[in-house]
Amino acid sequence: MNFDTISVIGLGYIGLPTAAAFASRRKRVIGVDTNQYAVDTINRGAIHIIEPDLDRVVTDAVRQGLLRAVSQPQPADAFLIAVPTPFQDDHEPDLSYVKAAALSLVPVLEPGCLVILESTSPVGTTEQMAGWLAAARPDLTFPHQAGEAADINIAYCPERVLPGKIMVELIKNDRVIGGMTPRCSARAAELYRIFLEGECVVTNARTAEMCKLTENSFRDVNIAFANELSVICAEQQINVWELIALANRHPRVNILQPGPGVGGHCIAVDPWFIVAQNPAPARLIRTARQVNDDKPDWVVEKVKAAVADCLNDSGRGSSDVTIACFGLAFKPDIDDLRESPALHVTELIARWHRGQTLAVEPNVDALPASLDGLVTLADRDQALATADVLVMLVDHRQFRALAPSAIRQRWVVDTRGVWR
Ligand code: SAJ
């Protein structure tokens, strides 16, 4: 069966680029999202998220009639599920979006359909999803019941794209294909080859699920190592960035960069899925999460010490001291403030500080509601001219470009090592 119509469930940072990539190869694509604003925006040929090059591809696809968005699934040959998998308060994964998306397919599944789960998921979720679908459609057979002869093929194929470079990585990265049977894998690989320039690497669903969790946990553990070093080096009066640059001259050492903590929707979340399923053996992965989660509080303590020093030195009252926080996004050169340690640090500082707190974030026009009435959005040069204490949180290119002579302040807490 050919893939004439492809449907993507969930039109966020992963689903919309994926839908657009299929449409750019002249496939008919139906995007499904429960957010009516997203549906309306896409049908106008515009996008509701910020990602380089995505708007152009979506505009073309919609204009040519290849991509349209709807709020309820419609029949298609392949369905890709790309919905969020957050965690709950106890760090247990929340699969409610995956379950709702899978069950929304029940009325439109037909023999020969391929269902792919792309959302980051705990090991066993794909089998669980097959169970939900089988219970709702007893007239069809599924891979865990009928193996290669199943009416419906199911695979887990994780997304691995880097926000900010999605349109490139989506096409160029290798794709892990975890079919519930070899036939499911072969069908899934056939589907991705429509736009993929990277390789399709075939495994089973459980290994593919664990692979995605492993990739992000690997990065989290490595960032935690850098963050722990930064705390140790501060105690030892050693410049951690110089230290890392020196150590990285060793041919087999490659230490990542410390920062104010780890943000985003993936690296700070996915390791918990491994910990939740394997609480006893996942010691290093859990500790790394804690090290990274503790970093914002450590930064705030450094800011408090800098302000105390400034007050001692100047004899002023704390309400006369201005603090400027540079960067709110969860990483450099993007506008995404969600799950951002920089935003968290800024809010903690502003809630504690009696004087003015400025935030400089060149990638947004307005502050998020959590900073309303607490923080003033300032431009870079205005903040440099008026602030007493500088807090470097995100190394956006506009901040990296500053000459050392532009920083005249004595009190600088630089979590990114750009103004050292
Ligand atoms: N960070 C550091 N130091 C570093 C690198 C990153 O503090 O040396 C921080 C960033 O500032 C940010 C956080 O880590 O707060 C995460 O940023 P990131 O660029 O490492 O990753 P994400 O969350 O944008 O995307 C990751 C990617 N995973 C890996 O690189 C293993 C991406 O390929 C995944 O597709 C994505 O998670 C996802 O969706 O799972």
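One-based numbering, in listed order, for ligands and for the atoms of each.
Among protein heavy atoms, the minimum distance from atom 6 (C) of ligand 1 is reached at Ile223 CD1, 3.5 Å. When hydrogens are left out, the protein atom nearest atom 27 (C) of ligand 1 is Leu162 CD1, 3.7 Å; that is the closest non-hydrogen contact. Taking atom 39 (O) of ligand 1 as the reference point, the nearest protein heavy-atom neighbour is Glu159 OE2, 2.6 Å. Among all non-hydrogen protein atoms, the one lying nearest atom 31 (C) of ligand 1 is Asn216 OD1, 3.2 Å. Scanning all protein heavy atoms for the shortest distance to atom 21 (O) of ligand 1 gives Ile267 CD1, 3.7 Å. Looking only at protein heavy atoms, the nearest one to atom 12 (C) of ligand 1 is Phe330 O, 3.2 Å. Protein heavy atom closest to atom 20 (O) of ligand 1, with residue, atom name and distance, is Arg219 NE, 2.4 Å. In terms of protein heavy-atom proximity, atom 32 (C) of ligand 1 is nearest to Val161 O, 3.4 Å.
At least one N or O atom of Arg160 sits closer than 3.5 Å to an N or O atom of ligand 1. Residue-to-ligand polar distances place Lys331 within reach of ligand 1: an N/O pair is separated by less than 3.5 Å.
Taking 4.0 Å as the cut-off between side-chain N and carboxylate O, Glu209 and Arg206 do not count as a salt-bridged pair. Between Arg400 and Asp333, at least one side-chain nitrogen of the basic residue sits less than 4.0 Å from a carboxylate oxygen of the acidic one, meeting the salt-bridge criterion. Taking a cutoff of 4.0 Å between a charged side-chain nitrogen and a carboxylate oxygen, Arg351 and Glu347 qualify as a salt bridge.
Pro332 is not listed as a side-chain neighbour of Phe399, based on a closest heavy-atom distance of 4.5 Å or more. Counting only heavy atoms from C-beta outward, the side chains of Ile349 and Val307 never approach each other to under 4.5 Å. Looking only at side-chain heavy atoms (C-beta outward), Arg137 and Phe142 come within less than 4.5 Å of each other. Considering only heavy atoms from C-beta on, Thr203 stays 4.5 Å or farther from Cys211 through its side chain.
When Lys295, Arg289, Arg286 are each tested for a salt bridge (charged side-chain N to carboxylate O under 4.0 Å, His left out) with Asp220, only one passes: Arg289.
Neither side chain, Gln64 nor Asp60, offers a donor N or O lying under 3.5 Å from an acceptor on the other. In this structure, a donor-acceptor pair under 3.5 Å is present between the side chains of Asp336 and His265.
When Glu339, Lys165, Gln257 are ranked by how near their heavy atoms come to atom 3 (N) of ligand 1, first place goes to Gln257. Nearest to atom 13 (C) of ligand 1 by heavy-atom distance, out of Ser119, Gly263, Gly259, Gly264, is Gly263.
Residue-ligand proximity: Cys266 is placed with a non-hydrogen atom under 4.0 Å from ligand 1. The closest approach between His265 and ligand 1 stays at or above 4.0 Å for every heavy atom of the residue. At least one heavy atom of Arg416 sits closer than 4.0 Å to an atom of ligand 1. Thr120 does not count as a contact of ligand 1, since none of its heavy atoms falls under 4.0 Å from the ligand.
Every atom of ligand 1 is numbered from 1 in the order shown, and the set under 4.0 Å from a heavy atom of Glu215 is 31 (C). Ligand 1 places these atoms under 4.0 Å from at least one heavy atom of Lys212: 34 (C), 35 (O), 38 (C), 39 (O), 40 (O). Counting the atoms of ligand 1 from 1 in the order shown, those under 4.0 Å from a heavy atom of Pro163 are 24 (O), 25 (O).
Looking at Asn216, its side chain never comes within 3.5 Å of a backbone N or O of Asp270 through a donor-acceptor pair. When atom types are taken as modelled, the side chain of Asp55 and the backbone of Ile47 share no donor-acceptor pair closer than 3.5 angstrom.
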